[in-house]
Trainee: 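Got a structure here, written out as structure tokens. Questions coming.
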Amino acid sequence: MSALSTVSLLVFYPLLVNLPLNLVRFQWGSKHGLAPMPPEMQKEAEAADRIVLYVSYFILLAVVVTLLDRSQFSVYAVGLTIGNWKSAMALGALSSSLFVSLESIIPAEKLREEAESQGSLASWYGLTVLGSLSVELWRALCIVSLIRLDLSSWVAVLVVAIAYGASQLSRTIATAAGAFAVAAAAGFLFVKTGSLLAPLTMSLIATGVHLYRARHISSRVTSRLASRNVTCPICSATFHPGKVKRKMTTFTCPECGEQLTYEVGTTFDYLWFALSIFGVPILVYFLGFRDSTLIFASIGGAIWCYVVGMSVRSLFNPLQATQLEGYGGLRLTDKSKRLERGRPNDD
């Protein structure tokens with residue numbers, strides 16, 4: 001590939017994912033600016049977001065395959081080989097542990113806001129596979145093209161990681177920094193193993209865990225909203241959350257009017273998650289499992305250990321109600337204002 005084609009491919013992905021392809025959001029923004037959408041339109045916009053993601057990933061995959069077909073690169077050059085699949089997948093699964101452990105410290109409140117917490121689970125499964133495949137193939141072709149332009153391997157990995165991180169700058173700096181770290185690790189795995197299976201395995205595991213946590217926390221909170229009585233941490237009133245004014249994950253205390261939500265993501269949750277991810281593979285290894293059996297036994301055992309542990313925990317320590325931060329523009333520590341706001345007027 002020529003230098004112009006390489007640079008064009010490098011910037012294609014950041015441009016593609018930042019194009020305003022969602023017509024629902026585009027039309028609303030052009031008419032109402034940053035005003036919040038009504039709930040019905042918000043659901044319509046979220047559904048359109050998923051369609052846009054599918055279209056974007058298909059376009060990216062089609063462009064990469066077309067350029068690969070027209071170039072002089074073989075499919076083996078971009079890692080499409082199963083020659084060393086055992087070691088590649090093992091290294092990818094091991095590398096994913098770092099990002100999975102970092103995933104465990106994301107607050108539950110942030111996960112509830114993630115797009116993965118809404119919509120069909122099957123559609124997100126498809127997006128996870130399609131997105132990981134198209135992005136990793138794009139990354140591999142960019143790295144190989146840069147190396148053929150006489151750049152060193154580590155410089156090529158760094159340049160592609162910067163391009164991938166830049167695609168997330170429209171969200172937050174922290175998201176862009178995390179994307180850069182993931183891209184750098186994926187690029188290193190590709191260069192180290194020469195196989196696309198290594199970064200693909202890492203991407204699928206890390207993305208799958210993020211999807212599981214987003215869906216698990218959202219469904220867990222929603223199912224508990226109408227299952228048992230709770231006690232308001234402000235006025236100590238006991239009530240059933242299914243019989244008061246509420247939204248999907250928040251509800252209002254009938255006595256003081258405080259907006260409440262369920263407390264999730266305790267220290268035990270994070271510690272048990274880390275123990276399942278790191279402890280189970282070590283245990284499986286010492287039990288004598290080797291090669292590809294170690295990978296599948298570790299993944300299955302870690303998921304089983306985490307799910308069983310959290311299920312047992314919920315029997316002895318159910319979710320508790322907590323304050324919804326920032327509600328009403330008041331400081332939630334100002335109890336006198338909250339109680340005064342909750343009292344009925346004499347009028």
Side-chain angles (χ1 to χ4, degrees), residues 1-30 44-71 73 75 77-80 114-116 118-119 123-149 156-187 190 196 199-200 202-204 206-208 210-211:
M1 291 176 59
S2 64
L4 180 60
S5 298
T6 301
V7 174
S8 300
L9 178 64
L10 194 63
V11 301
F12 178 73
Y13 176 73
L15 291 176
L16 179 64
V17 297
N18 286 284
L19 287 175
L21 300 179
N22 189 331
L23 297 181
V24 177
R25 296 190 185 277
F26 181 79
Q27 292 176 356
W28 176 267
S30 62
E44 184 180 350
E46 291 172 353
D49 283 337
R50 293 188 289 273
I51 296 176
V52 168
L53 279 177
Y54 267 111
V55 173
S56 299
Y57 288 143
F58 273 120
I59 292 175
L60 179 64
L61 186 60
V63 169
V64 171
V65 171
T66 300
L67 290 177
L68 180 61
D69 181 64
R70 294 181 180 180
S71 68
F73 301 148
V75 293
V78 293
L80 295 176
E114 293 291 331
E116 290 85 350
Q118 306 295 327
S123 67
W124 283 111
Y125 281 146
L127 281 171
T128 297
V129 175
L130 179 61
S132 297
L133 177 61
S134 58
V135 170
E136 295 305 332
L137 193 57
W138 166 81
R139 191 181 351 259
L141 183 57
C142 287
I143 291 175
V144 171
S145 300
L146 289 173
I147 292 176
R148 295 294 177 89
L149 293 177
V157 170
L158 183 62
V159 169
V160 177
I162 293 174
Y164 184 77
S167 67
Q168 303 299 317
L169 284 174
S170 59
R171 301 178 66 181
T172 63
I173 299 297
T175 302
F180 169 81
V182 172
F190 170 70
L196 201 66
L200 188 59
M202 184 192 75
S203 177
L204 287 173
T207 307
H210 176 75
L211 175 61

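As a basis for the values below, the full set of heavy atoms in this structure was taken, side chains included, without hydrogen atoms, waters or symmetry mates.
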Trainee: Carefully, step by step, assess Leu133 and Tyr57 under the rule side-chain contact (heavy atoms from CB on, under 4.5 Å).
Mentor: CA-CA 9 Å; Leu133 177 61; Tyr57 288 143; over 6 Å; no

Trainee: A side-chain contact here means heavy atoms from C-beta on lying under 4.5 Å apart; do Ser8 and Leu4 qualify?
Mentor: yes

Trainee: Within the 4.5 Å heavy-atom criterion, are Thr207 and Ser132 side-chain neighbours or not?
Mentor: yes

Trainee: Nearest 0.5 Å, what's the CG-CG distance between Leu211 and Leu204?
Mentor: 11.5 Å

Trainee: Taking the six-membered ring of Tyr164 as reference, does the cationic atom of Arg139 (NZ for Lys, CZ for Arg) lie under 6.0 Å from its centre and within 45° of its axis?
Mentor: yes

Trainee: Measure from the side-chain N and O atoms of Asn22 to the backbone N and O of Ala45, and report whether any donor-acceptor pair falls under 3.5 Å.
Mentor: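 Pair found, side chain donor or acceptor close to backbone of Ala45.
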
Trainee: When rounded to the nearest 0.5 angstrom, what distance separates OG1 in Thr6 from CD1 in Ile143?
Mentor: 12.5 Å

Trainee: Per the side chain to side chain contact (heavy atoms under 4.5 Å, CB included) rule, which among Val160, Val159, Leu158 passes with Ile162?
Mentor: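 Passing option: Leu158.
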
Trainee: Which pair of non-hydrogen atoms, one from Ala176 and one from Gly165, has the smallest distance, and what is that distance?
Mentor: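 That would be CB-O, 3.4 Å.
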
Trainee: Only one of Ile59, Val64, Val7, Val17 clears side chain to side chain contact (heavy atoms under 4.5 Å, CB included) with Phe12; which?
Mentor: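 By the side chain to side chain contact (heavy atoms under 4.5 Å, CB included) criterion, Phe12 pairs with just one of Ile59, Val64, Val7, Val17: Ile59.
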
Trainee: I need the minimum non-hydrogen distance between Pro14 and Trp138, along with the two atoms involved.
Mentor: CD-CZ2, 4.5 Å

Trainee: When rounded to the nearest 0.5 angstrom, what is the spacing between CG in Leu19 and OG in Ser56?
Mentor: 7.5 Å

Trainee: Check Leu196 against Glu136 and note the closest heavy-atom contact, atom names and distance.
Mentor: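 The pair with the smallest heavy-atom distance is CD1-O, 3.5 Å.
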
Trainee: Has Ser134 got a side-chain atom pairing as donor or acceptor with Leu130's backbone, closer than 3.5 angstrom?
Mentor: yes

Trainee: Evaluate the side-chain proximity of Val157 to Phe190: yes if any heavy-atom separation is below 4.5 Å, no if none is.
Mentor: no

Trainee: Which heavy atom of Phe26 sits nearest to which heavy atom of Pro20, and what is that distance?
Mentor: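 Closest approach of Phe26 to Pro20: CD1-CB, 4.1 Å.
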
Trainee: Take a 6.0 Å sphere around OH of Tyr125 and say whether it holds more than 12 heavy atoms from other residues, nucleotides or ligands.
Mentor: no

Trainee: Does any part of the side chain of Arg50, heavy atoms only, come nearer than 4.5 Å to the side chain of Trp124, both counted from C-beta?
Mentor: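 The answer is yes, as the side chains (C-beta and beyond) meet within the 4.5 Å cut-off.
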
Trainee: Is there side-chain contact between Leu137 and Val78, with at least one heavy-atom pair below 4.5 Å?
Mentor: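 Side-chain contact under 4.5 Å: yes.
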
Trainee: Indicate yes or no: at least one non-hydrogen side-chain atom of Glu44 is less than 4.5 angstrom from one of Arg25.
Mentor: no

Trainee: Which atom names give the shortest non-hydrogen contact between Asn18 and Ser167, and what distance separates them?
Mentor: ND2-O, 3.2 Å

Trainee: Locate the shortest heavy-atom distance separating Pro199 from Ala186; write the atom from each residue and the value.
Mentor: CB-O, 3.6 Å

Trainee: Would you compute the distance between atom CG of Leu9 and atom CG of Leu60 and round it to the nearest 0.5 angstrom?
Mentor: 8.0 Å

